[in-house]
Amino acid sequence: MNEIKVPFFKASITKAEEEAVLQVLRSSWLTTGKWAAEFEKKFSASVTSENDIQKGKKPVISLAVNSNTSGMILAMEACGVTKGTCVITTPYTFVSTAACARHLGADVLFADIQKDTYNIDPDKIEEILLREKQKGSNGAKIKAIVPVHIAGNVCDMEKINELAKKYSTSDNKIYVIEDAAHSFPSLTKNGYAGTLGDAGVFSFYATKTITTAEGGMVCTRDEALAKRMTSMRLHGMDRTTWDRYTSPKASWEYDIIAPGYKFNLPDVLAAIGCCQLDRAELFYEKRKAIAQKYNQAFSSLDFIKLPPDSDGNAWHLYLMRIIPDKLSISREIFAKKMQEAGLGISVHFIPVFHFTYWKELYADFTAKNYPNAEKQYSQTISIPFYPDMTEAQVDYVIETVKKIGMENRK
């Protein structure tokens with residue numbers, strides 16, 4: 001095994017997180033309680049922009065959950081995604097985005113990504129919406145559009161929201177649910193990603209822009225959606241665990257309004273999240289500085305295409321795209337040589353149509369029908385990129401990429 005000289009990612013954990021976790025462990029309360037409530041409050045504040053305040057928008061309601069996947073299921077269920085309905089999303093995402101709809105019994109319609117970005121193409125979304133509308137009663141009942149902000153680059157939310165409104169009917173509202181796993185804290189001219197649709201779901205997995213080890217957050221301004229998700233997050237109960245055991249009302253006095261889930265975030269993890277939030281802006285500035293250094297170093301290389309950089313880019317990942325016409329080796333060999341040099345790398349993402357389950361489920365779900373997604377996938381490598389990278393580590397990544405490319409140019 002090759003020695004890892006620069007890991008793909010390393011979480012930034014300090015004494016603050018350690019002490020916060022110890023406080024929880026020393027208390028008499030380990031599950032979802034006051035720390036989770038504090039995390040939700042702080043997160044709502046962190047995704048509320050000056051623009052929101054000036055325009056008098058409804059406040060952001062945040063619900064802590066144990067994963068982005070759990071949050072996506074909650075959001076989809078609250079928006080009416082169920083058997084006999086479908087969602088529109090991108091094939092260029094981690095499989096959970098689409099799998100959540102299947103867990104609820106719904107089908108998935110996929111729209112290709114834009115040619116020069118990794119994000120879903122609004123024009124392809126409209127093609128699907130128009131096609132299903134023309135089918136009339138025989139068409140799919142579309143309940144949600146699920147854009148994914150790949151690597152922290154924000155999708156064209158204005159157009160996507162317009163499409164949802166345009167194709168909604170009096171008896172079927174089409175919701176917009178943002179998969180915002182990569183996009184904290186992406187601030188656009190219209191507000192923070194994850195608060196631009198009907199609901200947004202963030203991830204705090206170990207490699208994300210802030211972490212709770214495992215965890216996520218669902219955000220919405222819709223009180224009805226929030227109420228439904230709050231209940232469904234914990235077995236369909238009409239009371240939270242914290243309320244049941246801290247209020248004068250007997251803990252066993254509760255109702256079950258639906259067969260819910262077990263998706264709550266415990267205080268041990270929420271405590272980590274509270275500390276990470278305090279340094280979220282610092283993390284962002286460090287990632288941005290590293291991205292600028294990578295961009296400056298790679299911009300003169302004719303075998304590298306720089307990653308897209310949209311309004312509000314959170315810079316969660318650095319997606320380095322090779323240009324095959326300039327190289328004598330494939331992406332796979334380039335990646336292998338990087339690993340042999342001691343770099344931790346990954347690929348974001350393997351398009352969903354490459355996986356057995358999805359190929360067997362939908363006969364027409366093949367690479368040839370999603371050429372942009374397939375092309376981006378075949379050329380992209382995610383390189384080491386995290387706030388605590390040292391200058392020497394960044395330099396080593398740059399030197400390694402240059403060396404491999406120059407030695408294998410056509």
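Position 1 is the first residue of the sequence; numbering continues from there. Because only heavy atoms are used, hydrogens play no part in the values below, and waters and symmetry mates are left out as well, while side chains stay in.
- For Asp311, there are no side-chain hydrogen bond (donor to acceptor under 3.5 Å, both in side chains) partners two or more places apart in sequence or in a different chain.
- Counting only residues at least two apart or on different chains, the side-chain hydrogen bond (donor to acceptor under 3.5 Å, both in side chains) pairs with a member in residues 72-87 are Glu77-Arg228.
- For residues 255-275, every residue pair satisfying the ring-ring contact (aromatic ring centres under 6.0 Å, His included) rule, not counting sequence neighbours, is listed here: Tyr261-Phe263.
- Between Asp179 and the options Ile150, Thr97, Thr90, Val201, a side chain to side chain contact (heavy atoms under 4.5 Å, CB included) holds for only Thr97.
- Side-chain atoms of Ser62 and Ser44 form a donor-acceptor pair, as typed in the model, at a separation below 3.5 Å.
- Applying the side-chain hydrogen bond (donor to acceptor under 3.5 Å, both in side chains) criterion to Lys143, with sequence neighbours excluded, gives Asn172.
- In this structure, Glu281 has no salt bridge (charged side-chain N to carboxylate O under 4.0 Å, His left out) partners at least two apart in sequence or on a different chain.
- Glu158 and Asn190 share a donor-acceptor pair across their side chains, judged by distance under 3.5 Å alone.
- Look at Glu126 and Lys133 and you find no salt bridge, because none of the NZ, NE, NH1 or NH2 atoms lies under 4.0 Å from a carboxylate O.
- Each ring-ring contact (aromatic ring centres under 6.0 Å, His included) pair with one or both residues in residues 78-121, not counting sequence neighbours, appears once here: Tyr92-Tyr118, Phe110-Trp358, Phe110-Phe365.
- For Lys293, the salt bridge (charged side-chain N to carboxylate O under 4.0 Å, His left out) criterion is met by Glu391, Asp395, not counting sequence neighbours.
- A side-chain N or O of Asp171 and one of Thr169 form a donor-acceptor pair less than 3.5 Å apart.
- Within the 3.5 Å criterion, the main-chain N or O of Ile113 finds a donor-acceptor partner in the side chain of Asn372.
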Exercise. Does the side chain to side chain contact (heavy atoms under 4.5 Å, CB included) test come out yes or no for Leu306 and Arg321, once each step is laid out?
Worked result: CA-CA 7 Å; Leu306 300 183; Arg321 185 175 164 191; over 6 Å; no
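- Taking the charged nitrogens against the carboxylate oxygens, Arg279 and Glu17 do have a contact shorter than 4.0 Å, which makes a salt bridge.
- Salt bridge Lys159/Asp123: present, at least one basic N to carboxylate O contact under 4.0 Å.
- Taking a cutoff of 4.0 Å between a charged side-chain nitrogen and a carboxylate oxygen, Asp198 and Arg221 do not qualify as a salt bridge.
- Looking at Phe8, Tyr318, Phe9, Tyr377 one by one, the single match for ring-ring contact (aromatic ring centres under 6.0 Å, His included) with His348 turns out to be Phe8.
- Summarising the geometry, atom CD1 belonging to Ile383 is positioned 6.0 Å from atom CE belonging to Met320; distances are rounded to the nearest 0.5 Å.
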For this session: Begin with the C-alpha distance, continue with both residues' side-chain angles, and end with the deciding distance and a verdict on side chain to side chain contact (heavy atoms under 4.5 Å, CB included) for Tyr175 and Leu225.
Result: CA-CA 11 Å; Tyr175 291 86; Leu225 292 181; 4.3 Å; yes
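- Under the salt bridge (charged side-chain N to carboxylate O under 4.0 Å, His left out) criterion, Lys135 pairs with Glu132, not counting sequence neighbours.
- A salt bridge links Arg26 to Glu19: one of the charged nitrogens lies within less than 4.0 Å of a carboxylate oxygen.
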Exercise. Under the salt bridge (charged side-chain N to carboxylate O under 4.0 Å, His left out) criterion, do Asp255 and Arg239 qualify, and how do the steps go?
Worked result: CA-CA 8 Å; Asp255 192 16; Arg239 295 176 67 192; over 6 Å; no
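- Aromatic ring centres of Phe349 and His182: separated by under 6.0 Å.
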Problem set entry | Derivation and outcome, salt bridge (charged side-chain N to carboxylate O under 4.0 Å, His left out), residues Lys124 and Glu127 | CA-CA 5 Å; Lys124 296 298 182 182; Glu127 286 180 14; 3.7 Å; yes
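- A salt bridge is absent between Asp222 and Lys58; no separation between the charged side-chain nitrogens and carboxylate oxygens falls under 4.0 Å.
- Of the N and O atoms on the side chains of Ser203 and Asn68, not one donor lies less than 3.5 Å from an acceptor on the other residue.
- A donor-acceptor pair under 3.5 Å links the side-chain atoms of Glu178 to the main chain of Leu196, judged by distance alone.
- For the residue pair Thr48/Asp52, the side-chain donor-acceptor check at 3.5 Å is not satisfied.
- Sorted by first and then second residue, the ring-ring contact (aromatic ring centres under 6.0 Å, His included) pairs involving residues 203-227 (not counting sequence neighbours) are Phe39-Phe204, Phe43-Phe204.
- Remark: Gln339 engages no residue in a side-chain hydrogen bond (donor to acceptor under 3.5 Å, both in side chains) (not counting sequence neighbours).
- Within the 3.5 Å criterion, the main-chain N or O of Val176 finds no donor-acceptor partner in the side chain of Asn161.
- Not counting sequence neighbours, Ser231 has no partner by the side-chain hydrogen bond (donor to acceptor under 3.5 Å, both in side chains) test.
- A donor-acceptor pair under 3.5 Å is formed between the side chain of Thr89 and the backbone N or O of Val146.
- In this structure, the salt bridge (charged side-chain N to carboxylate O under 4.0 Å, His left out) partners of Glu285, at least two apart in sequence or on a different chain, are Lys288.
- A donor and an acceptor atom, one from each side chain of Arg102 and Tyr357, are located under 3.5 Å apart.
- The CE atom of Met157 sits 11.5 Å away from the OG atom of Ser186 when rounded to the nearest 0.5 Å.
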